[in-house]
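Everything on this sheet refers to the single structure shown next.
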Amino acid sequence: MTTQPQEIPTEPRAVSRLVAVIDIGATSIRMAIAEIKPSGEVQTLESLQQAVSLGKDTFTKGYIDTEAIDECVTVLRSFREILRQYQIVEESQIRAVATSAVREASNREAFLDRIYVATGIAVDVIDEAETNRITYLAVRGLINAEPSINKNETLIIEVGGGNTEALLLKSGQVTYSHTYHLGSLRLREMLEDYRAPVLELPEIMQIHIDRAVDQIRRRLSLEGSIKMLALGGDIRFACARLLSDWSRKSLARLPVSQLSVLSKDILSHSVDDLVRRYHLPYPDAETLGPALLIYVRLARALRLRQILVGGGTLRDGLMWEMAIREAWTEDFHQQIIHSALQIGRKYTFDEAHASHVANLCRKVFAALRREHRLAPRFETILIVAALLHDVGLFVSNRSHHKHSMYLIMNSDLFGLGARDLELVGMIARYHRRALPRPTHEGYARMDRQSRVAVSKLASILRVADALDSGHVQRIQNLELNVDPGEFRITVRDHANLMLERYALQLKGQMFEQVYGMKVVLRETG
Amino acid sequence: MSKKQPQFFNRELSWLEFNQRVLDEALDKSVPLLERLNFLAITGSNLDEFFMVRVGGLQILKQQAVPTRDHTGLTPGEQLAAISQRVHEMTAAQYRCFGEELEPGLAGSGVRRLRPADLSERQKERVEGLFERDIFPIVTPMAVDARQRFPLLLNLGLNVAVRLKVEETARSTPESGPVRPSKHFAIIPLGSRPDRFIQLPEEAGYAYILLEDVIQMFIDRFFPGQTVLEHAVFRITRNADLSVREDMAGDLLAEMKEVLDARKESSCVRLEVEKGTSKVLLAFLTRVLKVSNPSRDSLSIPGPLDLSAFRKLASLDQFPSLRYEAWPPVPSPDIDRKTSIFKELANRSIFLYHPFDSFEPVIRLLQEAAADPDVLAIKQILYRTSRNSPIIEALRQAAENGKYVTAIVELKARFDEARNIGWARELEHAGVQVIYGVKGLKTHAKLCIVVRREAQGVVRYLHFGTGNYNEITARLYTDASYFSVDPDLAKDASAFFNAITGYSQPHGLVKLQAAPTSLRSRFLELIESEAERRRQGQKALIMVKMNSLVDAQIIKALYQASKVGVKILLNVRGICCLRPGVKGLSDNITVISIVDRFLEHSRIYYFHQGGEPKIFISSADWMPRNLDRRVELLVPIEDAPAQKRVISILDTCFKDNVKGRKLLPNGQYERVIPPPGKKGLRSQEALYQQAVEVVRQVQTASRTVFQAFRPAG
């Protein structure tokens, strides 16, 4: 079966590519320049970092003021200079993202426009799920190299300036991901607002942290042993201080007692002291104490003696994503599917039916590759939609497809960004009843490409759902053929396919409209 | 602390001992005569700088009564007294050397200095003509009076002081001459005229007369109608302008900052006057020049003043037998001159030791980078470089060829400011992005990065050095060069460069260490680690080669290491404040110093680390200014062949028993002498011969393959 070359982006390219990722965070803007070898190997050439005060603005005033915007423009312009040295000038070579400090600012659009006009850099504001997904990409390698993570339940925690991201892995599978509004800078800014006596600050800070930590802890079953894998610049700093031989390329084991002593020590010093003592940039010195305290409190709440520390950063993840381009790895695909199953279970779905439909979808998607011409990642989107198409039944039997859409779009589904999640929701919504119409809310808002993808995939889901309309998974062996004007499904070993044929008549109409082929169901003795 | 002996040597006195070692070379009869003269000239210019920078600072401290003591417990006043005593001795020794050995020796070899009385008639005529035509019209005497403002005399320039007879009838019209002094005294400033050595016709050899002697021959002509009672050559040394030259006073800087503004008018820190000057004239000079402590700060000079000027005479090239035999730098066999330097440097590191190995590959890297279509960017730190530097030219061309060129130009490099500003402008015009150093710090690190896009991906060619990017001094100073394409080093080097150019905040370097952030703590860690290994019973050894050892914290760490039994070999060319060989303190520390024809300038650090040595080269000495107030780099030498070479260089230096001196516990240096009946080892000679030998072997090996010689074209 031939495929369109542009849809197989994983195909190795002959030459290496120079790329850059820029991460606009609450306290600093960081950039990594790397080379992606034809083998897919990523070789980082330079990393840069400059302090900005975005978080201070957003977390106190709710918007970014002109001065902070100008500051960002200056930094990004100087980064552009470095990029010029490597002749990184194409938009496709640069991935710039912004996290919570920009995401939560009321003037984020104005901010992004100003940056684009002044520097030519198009900044993506990434949402929480996407941040989680990228973080996971960054530590994938580390996790795979650490067998104990695959055996145990592992909580991956990254304390940022604005938020704390949590990912829970069970047997190496992502089972839960969430972003908490607990961040080192946010905490510091909040405490400053309180104007509490200085001596009481650590205590107030701890109360705040413990409240959020409790939230995290309650999401965990705490059965058996749990491990904690900490990510982020602050914990890396602590690790480098406490473990002199840590190479950053492997996971470090950091005793919580030592971390606790260090965090107390750091909180007892002024920021100026820290800058002098540890040669830290100011923004790092400001967030170090609160961040370490969050890790410590969390580790204590989980009754851990030691935590793991990894060197992966958001930029590593972004880089990795640029390396694999649009395509998701099989492993990553599995993580998403796993997370979808968790959500399905939460809404007590008919797992056997859902999995069966998903399985059928996969087969149809593969068989129609020449017809739909969609990139492989749409397969994942389709499968997630197939798994979750009926979760709306949890809410009500009436119009359950609409409830499915709503639940999906508001779920903590790991790894899918808002746009992908919207696709999944839409596909699930159109698995039955009305065909997409411009008057439908949501559908009309989508861009054309997405609308076409929804139609292509929802029509496949309808066919697959029809094939298991009895919810008894009768059809196991089938053969799919594309003939002119006809999509032929041949089923073995079944005498009576009346129910399925009837369902197909009803649900195959959309398929016929989209692909211009009739769906024909045959059985062979 | 016990009363008997401080744990440290005073850095000023230690510096004077270094100058003494240079003077010893001038006294060494086995050294060719013009080279001896050159060494003597170096002792002169060294002392000039010492007075401007160090003595000036101490005098201010003393005058401002800043309560400060050095590590040996001396106050500024006590230090000044000790310095003065030593300088008086040294000056006497310098002129004994000049008057009793060099001048007669040179005259015997055909280089003759003529005094007015020695001149033949023909020579006299020549001198007179010269005086009338070239000297008289431009040299202007100035009448001076203690009540008037004294004219501003040039720092380090020669002057002639004249005492005139007070005429009862001083009524002659003041308009009749260019200057008609009616006072007792006049000054004739000679400025820093380049033509101090006036060559005179002579049957054979080279004969010269000094400008000041010519002036004195015809001194009456400046004062028609008056009687010249006395004249004397003198020279003043001013306190260097410390407010802009931030490192000059080194460790004194912090204390001095506040007192500096009050001292805008730079004072005279040293007055040198020709021997035989009368008390009257001397008293006048010390008064008008405000010499605060005449017995301490004025020196009576028994010979020509300003010996540093004799460097010019020492470079006469018509007397090869009076000079060292030439040791032309050898092209390293590791780098084929016929293939592209990028090909030669790919996939390996190369260590060069100048001036034995030629500096040419460093220049070639930049020249080829400038023209190479695959080169994307060049990043270069320039501290001091030569006039018409080929490196600057290469950077200029690179920029014109569309490369992205960034140059950090250190404008604060002492005495080179004006030159640096000149070519920095030139680079900017060519499109080079010029960055003028780091605020508050001098950029002393030696680093060049060439970013090149190749088929396999981006490769960064790195050059690290211990010396400046200056092809002239690279023939006179011993310095190390290290080329590498190691991606980890490259990442660090880029991060370091981005940090000092302000593109990024400094963040974790993996292989490199930089001052003023991590260098000091890294050195302390390495010393402590060696001590810990010793405590655990391992063999422990530290070998270091540097220019100066001053930093008290490092010295204390070395004492601690010595106490637990770490063997410490230090090769410190200049100042060494560490007191070696003291029982219970520094038994295991040996300090040697090498002073020879090339200025020992490389900084090499070796830590044994239980047999897996950590070896570094650096731009930094163990001085507070290097560790705390400069941007410096410590570069690990990790590949085996380079490590082997470095160790062999260190070994050779420590074996030197010809030009090596050992520092004794009492602060004096003693020549190391070869065992009886054995030939001595002179390290610079040995290193040169090794370099030559390696090339010879490679050539012999290649001679087994015949290459047809074809005429070109």
Side-chain angles (χ1 to χ4, degrees), chain A residues 14-19 27-39 41-52 74-88 233 236-237 239-241 244 246-249 275-285 311 313, chain B residues 373-379 398-399 402-406 431 433 435 449-460 485 487-499 501-511 513-522 525-526 528-529 532 628:
Chain A
V15 289
S16 59
R17 286 192 296 149
L18 281 170
V19 296
T27 59
S28 43
I29 302 183
R30 296 183 166 89
M31 175 166 83
I33 298 173
E35 181 161 47
I36 297 171
K37 303 271 162 111
S39 62
E41 185 202 344
V42 177
Q43 169 118 42
T44 305
L45 297 170
E46 296 202 22
S47 357
L48 297 98
Q49 169 182 351
Q50 286 287 30
V52 289
T74 309
V75 171
L76 289 171
R77 277 193 178 142
S78 80
F79 282 4
R80 264 241 115 112
E81 286 294 297
I82 301 282
L83 293 177
R84 277 217 306 149
Q85 297 176 11
Y86 289 94
Q87 294 177 0
I88 299 177
R236 285 199 302 275
F237 169 83
C239 215
R241 294 290 316 166
S244 56
W246 182 44
S247 74
R248 287 177 188 228
K249 283 176 185 160
V275 168
R276 261 197 306 278
R277 271 209 340 198
Y278 300 116
H279 314 294
L280 282 171
Y282 268 92
D284 292 12
T313 66
Chain B
D374 295 327
V375 166
L376 300 174
I378 302 174
K379 305 174 195 198
K403 317 284 176 216
Y404 197 101
V405 183
T406 314
Q433 178 149 11
I435 289 158
I449 308 173
V450 174
V451 184
R452 188 168 189 255
R453 189 147 201 201
E454 301 181 354
Q456 314 308 314
V458 168
V459 179
R460 278 171 289 184
V485 288
D488 287 339
L489 267 184
K491 215 187 287 178
D492 275 6
S494 294
F496 172 77
F497 206 90
N498 287 336
T501 49
Y503 280 109
S504 172
Q505 290 167 338
H507 54 283
L509 299 179
V510 181
K511 285 192 167 181
Q513 305 287 328
T517 45
S518 58
L519 194 54
R520 172 186 290 279
S521 50
R522 179 63 177 148
E525 241 172 59
L526 286 162
E528 171 49 33
S529 148
E532 182 54 37
D628 303 329

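Given the structure is predicted, the values throughout are model-derived calculations rather than measurements. First the proteins, then the strands, lettered A, B, ... as listed; each starts at 1.
- A distance-only check finds a donor-acceptor pair linking the side chain of Gln50(A) to the backbone of Tyr503(B) [under 3.5 Å].
- Side-chain contact between Gln505(B) and Pro283(A) is present, with at least one heavy-atom pair separated by less than 4.5 Å.
- The choice from Ile29(A), Ile82(A), Ile36(A) that makes the most heavy-atom pairs within less than 4.5 Å of chain B is Ile82(A).
- To the nearest 0.5 angstrom, Lys491(B) atom NZ is 7.0 Å from Gln43(A) atom CD.
- Among Thr501(B), Asp492(B), Val458(B), the residue with the largest count of heavy-atom pairs under 4.5 Å with chain A is Val458(B).
- Only the side chain of Lys379(B) has a heavy atom closer than 4.5 Å to any heavy atom of chain A.
- For Ala51(A), the parts sitting under 4.5 Å from any heavy atom of chain B are the backbone and the side chain alike.
- Legend: residues meeting side chain to side chain contact (heavy atoms under 4.5 Å, CB included) with Tyr278(A), ordered by chain and number and at least two apart, are Phe237(A), Arg241(A), Leu262(A), Asp265(A), Ile266(A), Leu274(A), Leu280(A).
- Closest heavy-atom contact between Ser16(A) and Gly457(B): OG-CA, 3.7 Å.
- Between the CD atom of Glu81(A) and the OH atom of Tyr404(B) there is a distance of 3.5 Å, given to the nearest 0.5 Å.
- Heavy atoms of Leu18(A) lying under 4.5 Å from chain B belong to its backbone as well as its side chain.
- Closest heavy-atom contact between Leu376(B) and Tyr86(A): CD1-CA, 3.9 Å.
- Of the possible donor and acceptor atoms, none in the side chain of Gln85(A) sits under 3.5 Å from a partner among the backbone N and O of Ala377(B).
- Heavy atoms only, all atoms of each residue included: Ser504(B) and Ser47(A) are closest at OG-O, 4.4 Å.
- Among Ala240(A), Gly233(A), Ser78(A), Ser28(A), the residue with the largest count of heavy-atom pairs under 4.5 Å with chain B is Ser78(A).
- Looking at Gln433(B), only its side chain comes within 4.5 Å of chain A, counting heavy atoms on both sides.
- There is no contact between Ser521(B) and chain A, counting heavy-atom distances below 4.5 Å.
- Interface check for chain B: of the options Arg236(A), Arg84(A), Met31(A), Glu35(A), the most heavy-atom pairs under 4.5 Å are formed by Glu35(A).
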